[in-house]
Amino acid sequence: MKDCNCIFCKIANGEIPSTTLYEDEDFRVILDLGPATRGHALLLPKNHFANLFELDDETAQKAILVAKKMAGKMKDALGADGFNLVQNNGEAAGQTVHHYHVHVVPRKNGDDVTMTFGSFPKPSDEEMTAIKDKIKENM
Ligand code: AMP
Ligand code: ZN
């Protein structure tokens with residue numbers, strides 16, 4: 001399941017060097033080369049999945065456990081006050097490298113990093129119900 005043209009496949013499998021924080025049979029966690037904060041890390045599965053929709057359930061479960069473990073260790077090591085776990089899927093959502101990855105972003109109280117939601121117009125009650133019904137009819 002490796003994709004020979006994928007840079008994150010090469011990094012995850014050690015063919016391209018990286019600053020590796022953690023590695024096991026299924027994952028490598030590296031420092032992001034364009035970090036949002038000090039210690040910004042990326043969790044990469046060693047197998048190639050373009051995004052969340054391609055990810056198998058077992059890898060999805062393991063990924064969140066590794067992210068949880070890393071955030072705990074990094075919190076103590078870096079003195080982080082909080083964390084963002086960010087995971088982009090598709091260009092519309094800002095994904096630039098099409099190999100599933102989770103951003104593990106340490107945060108400090110009062111840092112000026114912006115990762116905000118909330119600029120979309122507030123939906124009416126009718127719109128909320130219509131959205132819910134549309135999603136539920138596909139479940
Ligand atoms: P995304 O926008 O979610 O696809 O995030 C891709 C991330 O990968 C960005 O934060 C980049 O800074 C990071 N990145 C791209 N190439 C490399 C690389 N060779 N080593 C480490 N991080 C990288
Ligand atoms: Zn890949």
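Every number for a ligand or one of its atoms is a count from 1 in the order of the listing.
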d(Lys108 NZ, Leu78 CG) to nearest 0.5 Å is 7.0 Å
Working note: Val104 + Val29, criterion side-chain contact (heavy atoms from CB on, under 4.5 Å); need CA distance, chi angles, decisive distance, verdict. CA-CA 9 Å; Val104 183; Val29 180; 5.6 Å; no
Side chains of Cys9 and Glu15: closer than 4.5 Å at any heavy-atom pair? no
Indicate yes or no: at least one non-hydrogen side-chain atom of Thr59 is less than 4.5 angstrom from one of Asn47. no
Please produce the table of protein N or O atoms sitting under 3.5 Å from N or O atoms belonging to ligand 1, one pair a line, distance to 0.1 Å.
{"residue": "ligand 1", "atom": "2 (O)", "partner": "Gly94", "partner atom": "O", "Å": "2.9"}
{"residue": "ligand 1", "atom": "2 (O)", "partner": "Thr96", "partner atom": "N", "Å": "3.4"}
{"residue": "ligand 1", "atom": "2 (O)", "partner": "Thr96", "partner atom": "OG1", "Å": "3.2"}
{"residue": "ligand 1", "atom": "3 (O)", "partner": "Asn88", "partner atom": "ND2", "Å": "2.9"}
{"residue": "ligand 1", "atom": "3 (O)", "partner": "His101", "partner atom": "NE2", "Å": "2.8"}
{"residue": "ligand 1", "atom": "3 (O)", "partner": "His103", "partner atom": "NE2", "Å": "2.8"}
{"residue": "ligand 1", "atom": "4 (O)", "partner": "Thr96", "partner atom": "N", "Å": "2.7"}
{"residue": "ligand 1", "atom": "4 (O)", "partner": "Thr96", "partner atom": "OG1", "Å": "3.1"}
{"residue": "ligand 1", "atom": "4 (O)", "partner": "Val97", "partner atom": "N", "Å": "3.0"}
{"residue": "ligand 1", "atom": "4 (O)", "partner": "His101", "partner atom": "NE2", "Å": "3.1"}
{"residue": "ligand 1", "atom": "5 (O)", "partner": "His101", "partner atom": "NE2", "Å": "3.1"}
{"residue": "ligand 1", "atom": "5 (O)", "partner": "His103", "partner atom": "NE2", "Å": "3.2"}
{"residue": "ligand 1", "atom": "10 (O)", "partner": "Asp32", "partner atom": "OD1", "Å": "3.3"}
{"residue": "ligand 1", "atom": "10 (O)", "partner": "Asp32", "partner atom": "OD2", "Å": "2.5"}
{"residue": "ligand 1", "atom": "12 (O)", "partner": "Asp32", "partner atom": "OD1", "Å": "2.5"}
{"residue": "ligand 1", "atom": "12 (O)", "partner": "Gly34", "partner atom": "N", "Å": "3.4"}
{"residue": "ligand 1", "atom": "22 (N)", "partner": "Leu33", "partner atom": "N", "Å": "3.2"}

N/O/S atom name from His48 that is nearest to the position of the Zn ion (ligand 2): ND1
Distance col, row His101:NE2 vs Gln87:CD, nearest 0.5 angstrom, shows 7.5 Å
So, taking the atom named OG1 in Thr19 and the one named CG in Leu42, what distance separates them when rounded to the nearest 0.5 Å? 11.0 Å
Report the name of the N/O/S atom of His99 located nearest to the Zn ion (ligand 2). ND1
Roughly, to 10 degrees, what angle do Cys6 atom SG and Cys9 atom SG form around the Zn ion (ligand 2)? 120°
Calculate, to the nearest 0.5 Å, the distance between atoms CG and CG belonging to Leu43 and Leu85 respectively. 9.0 Å
